[in-house]
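Not measured: the values here are computed from a predicted model. Below, read A as the first sequence line, B as the second, and so on, with proteins coming before strands; counting in each chain starts at 1.
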Protein chains: 2
Amino acid sequence: MATIEEVARAAGVSTATVSRALRQQPGVSERTRQRVRTVAEELNYSISRSASGLATGRTRRIGVLVPYVSRWFFGQVLAGAEEVLRSAGYDLMLYVVGDQEGRERFFRELPLRRSVDAVLVLTLSLRAEEAGRLRELGVPLGFVGGRMDGFNSVWIDDHGGGLLAVRHLLNQGHTDIAMIHGGTPDALNLPAPHERCTAFRDAMAEHDVPVRESWLCAGDFSVSGGRRAMTRILADELRPTAVFAMSDEMAFGAMHALRNHKLHVPREMAIVGFDGHEMSECSGLSTVVQPVRREGGTAAKLLLEQLEQGSAETRDVVLPTELVVRSSTTGDDSM
Amino acid sequence: MATIEEVARAAGVSTATVSRALRQQPGVSERTRQRVRTVAEELNYSISRSASGLATGRTRRIGVLVPYVSRWFFGQVLAGAEEVLRSAGYDLMLYVVGDQEGRERFFRELPLRRSVDAVLVLTLSLRAEEAGRLRELGVPLGFVGGRMDGFNSVWIDDHGGGLLAVRHLLNQGHTDIAMIHGGTPDALNLPAPHERCTAFRDAMAEHDVPVRESWLCAGDFSVSGGRRAMTRILADELRPTAVFAMSDEMAFGAMHALRNHKLHVPREMAIVGFDGHEMSECSGLSTVVQPVRREGGTAAKLLLEQLEQGSAETRDVVLPTELVVRSSTTGDDSM
DNA sequence: GGTCTGAACGCAAACGCTTGCGTTCGCATC
DNA sequence: GATGCGAACGCAAGCGTTTGCGTTCAGACC
């Protein structure tokens, strides 16, 4: 594999000129630049990232932290970020820190030290010492669904979204409303779930509707967890007429539980989810749609801006959510 | 951020000794090793990957190529690979090449040249020139659901899995069987889908059951595509009694279409999928389960073996599939 | 023709680590 | 006490770029 040295020799110039020519820097005549470029092409030259990184101190790599990669939501956020980073010419180093052990090891060893220009933290809420470790890296950080002083972050209005969902149920005349939340303590320690819980209580209070604690069940943000939660709710001596699931996947699980119990949706049980999962449409699930990919993409863009322009001012960008009403909450009998 | 130089000075030794001490190499007394280690700790030293990479020619990074990251299947495979790589101390550089443009750009610019020790190609079938480009990298390659001479690969028995599914339907007494396949030409150009198609025809032939071409529809491997495919099948003048979907996600879409048409599963239409998607259980979908995470993990392991032991012999590992029968194909009325 | 100027280019010192080889030194051996 | 020997360690040459600064040189100007 050719080095810059060989290219220089073949083109009859110095390595300095090759470097400048290939990186579009001034101080090289157009004739020389062309020659260097074709010679580099012929020799199939490609720069050594290690050498370049060593010389410049920049790696053109971005570390991306994500709790899981196999769940729809995280995959989408990651995909959004990846697309932006890739088209800006940055490489993406992926770190999955979902399990406790992996997470501890990551923050202890900090494998990305000195090997990334910036870090994107996707839907992961950091404990104080973890945040401190990241800060020590001395590189720009970017957040989705989390924040840190001095850095950009991207959010959705979880509280507002929750209100949309619960008010929708209330407006349909429901007063006996259950909730399937993520679970406590939340493994990911994210503020978002908490906000949605609060929204539930706030909306209920607005309408002077009491909250029945035995109708609040944890669903672990998984399909099977949602089904178990729904089953538990149905085991209560009183039965609600509607349920707010804090994620679509839990809502899917709940819908399956309802089907097993031969309860008609929405006549006997209305249900509204949260996320806008790709499957929500054909499941007829009413849901609060959030622009998942855009969240990742926007965070990546902000991060690159900070990295390249070094702008000190940081922003909290809040992206909109939208209630999409489908057959799981309307009289429409297509379910 | 401390360099090896500063650690050496602080510990009163040479940089060579620091390097050897920290990397557990021989030629350093235990006393010195300990001292170096504590000094490094105090100074919060961490090695510069760029410098180390430049000196050794190894990066401790693995490039991972994947067509999508936001779909369940790919996310799982990726997760399996990531776990293995991470615990072996390698970093993962993610390249998502699903869209045509991104794919072309990737193979044209080959951003991972000189910056990874090996490449893992996940469920992506390469055209000849793409394969050639990867070969040029001169690093070990590993494959899931694809192969290349001289490198390891991991497979499932798609043909066998397909037979399991279709024979199951046939054994239930079905003879009018439709199929929802991925579509032609397959964007990913994978052999797996083709194998499953062949298995369908083979199983039908085994039982002397004719294949009705208008019952073979493309579902694009997506939920909505599956729904559209099912709808098209139902629009035929004859109606099958069972359908084999080549992926669970398409099967989910099909089930929704059936529900919209008020057709009972499995009484009026039995359905069997392929993958073992997490949602298949609570959907009651019979399916051919493949060990998705293990496929990624196994490929990663094989790749690391080749990388570290430099073993020239390569293997094609075939992982088992298993038919899991649920209510979508049995008389069980729980749906 | 001498001077000045700026464009184009080369020199060489970093960047931080690894590693082959040479040196030192304490200790056993004769 | 001279010799040999291996363990422990240092020296310094890389690895392939980047970049500040110096040099060359063609052309403009007096």
Side-chain angles (χ1 to χ4, degrees), chain A residues 1-37 39-40 43-61 89 91 111-117 137-139, chain B residues 1-37 39-40 43-61 89 91 111-117 137-139:
Chain A
M1 198 151 274
T3 72
I4 200 175
E5 178 84 32
E6 309 178 43
V7 175
R9 205 181 356 250
V13 294
S14 71
T15 63
T17 300
V18 174
S19 173
R20 281 189 273 253
L22 294 181
R23 291 184 311 138
Q24 316 280 33
Q25 288 203 340
V28 184
S29 72
E30 200 46 43
R31 245 173 56 88
T32 318
R33 194 183 300 275
Q34 267 309 329
R35 186 153 34 95
V36 168
R37 218 177 278 156
V39 168
L43 266 56
N44 199 15
Y45 169 75
S46 74
I47 195 174
S48 157
R49 300 279 198 139
S50 295
S52 173
L54 181 57
T56 60
R58 299 190 41 177
T59 62
R60 292 202 73 80
R61 277 190 292 264
D91 283 335
L112 43 59
R113 282 204 289 186
R114 302 249 221 140
S115 63
V116 295
D117 293 341
L137 291 175
V139 299
Chain B
M1 198 148 272
T3 72
I4 200 175
E5 177 85 35
E6 308 178 44
V7 175
R9 207 182 352 251
V13 295
S14 71
T15 62
T17 301
V18 173
S19 173
R20 283 189 271 255
L22 294 181
R23 290 183 312 139
Q24 318 280 34
Q25 289 203 339
V28 184
S29 72
E30 200 46 44
R31 245 174 55 87
T32 319
R33 196 183 297 275
Q34 268 309 329
R35 187 153 34 93
V36 169
R37 218 178 278 157
V39 168
L43 266 54
N44 198 17
Y45 169 75
S46 73
I47 195 175
S48 157
R49 300 277 198 139
S50 295
S52 173
L54 182 56
T56 60
R58 299 192 38 177
T59 62
R60 292 202 72 80
R61 277 189 293 264
D91 283 335
L112 41 60
R113 281 204 290 186
R114 301 248 221 142
S115 62
V116 295
D117 293 342
L137 292 175
V139 299

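The phosphate of dG10(D) (OP1 or OP2) has a side-chain N or O of Ser14(B) nearer than 4.0 angstrom. Here Ser50(B) does not reach the OP1 or OP2 of dG16(C): none of its side-chain N or O atoms lies under 4.0 Å away. Residue Thr3(B) places none of its side-chain N or O atoms closer than 4.0 Å to OP1 or OP2 of dG16(C). Taking side-chain N and O atoms only, Arg114(A) has no distance below 4.0 Å to OP1 or OP2 of dC15(C). Taking only side-chain nitrogens and oxygens, Arg23(A) comes nearer than 4.0 Å to OP1 or OP2 of dT19(D). Side-chain N/O atoms of Thr56(A) include none lying less than 4.0 angstrom from OP1 or OP2 on dT19(D). Put simply, Thr17(A) has a side-chain N or O that comes within less than 4.0 Å of OP1 or OP2 on dG10(C).
Here the P atom of nucleotide dG16(C) and the OH atom of Tyr45(B) are 10 Å apart, to the nearest Å. Atom CZ in Arg60(B) sits about 12 Å away from atom P in dT18(C), given to the nearest Å. One can place CG of Leu22(B) at 15 Å from C1' of dT19(C), the figure rounded to the nearest angstrom. In this structure, Arg49(B) places its CZ atom 20 Å from P of dG16(D), rounding to the nearest Å. When rounded to the nearest whole Å, the span between CE of Met1(B) and C1' of dG16(C) equals 14 Å. At whole-Å resolution of the value, CG in Leu54(B) and C1' in dT18(D) are 12 Å apart. Spacing between atom CZ of Arg58(A) and atom P of dT17(D) amounts to 18 Å, rounded to whole angstrom units. For the pair Gln25(A) CD and dT19(D) C1', the computed distance is 8 Å after rounding to whole Å.
Residues Pro26(B) and Arg33(B) come closest through the heavy atom pair CA-NH2, 4.4 Å. Residues Val28(B) and Ala21(B) share a closest heavy-atom pair of CG2-N, 3.9 Å. Closest approach of Tyr45(B) to Ile4(B), counting heavy atoms only: CE1-N, 3.4 Å.
Pro111(A) places a side-chain heavy atom less than 4.5 Å from the side chain of Arg49(B). Counting heavy atoms from C-beta outward, Ser50(B) and Arg114(A) have side chains that stay 4.5 Å or more apart.
If Glu30(A) and Ala55(B) are placed on DNA chain C by their nearest nucleotide, the residue sitting closer to the 5' end is Glu30(A). Comparing Thr15(B) and Ala51(A) by the nucleotide of DNA chain C that holds the closest heavy atom to each, the one mapping nearer the 5' end is Ala51(A).
In this structure, Thr32(A) reaches the sugar-phosphate backbone alone: every heavy-atom distance under 4.0 Å involves primed, P, OP1 or OP2 atoms, never a base. Within the nucleic acid shown, Val13(B) comes within 4.0 Å of sugar-phosphate atoms alone, with no base atom in reach, counting heavy atoms only. No engagement by Arg33(B) is indicated, since no non-hydrogen atom pair under 4.0 Å with the nucleic acid exists.
Residue side chain Arg20(B) reaches the base of dG10(D) through a donor-acceptor N/O pair under 3.5 Å, judged by distance alone.
Atom CG of Asp117(A) sits about 8.0 Å away from atom CZ of Arg60(A), to the nearest 0.5 Å.
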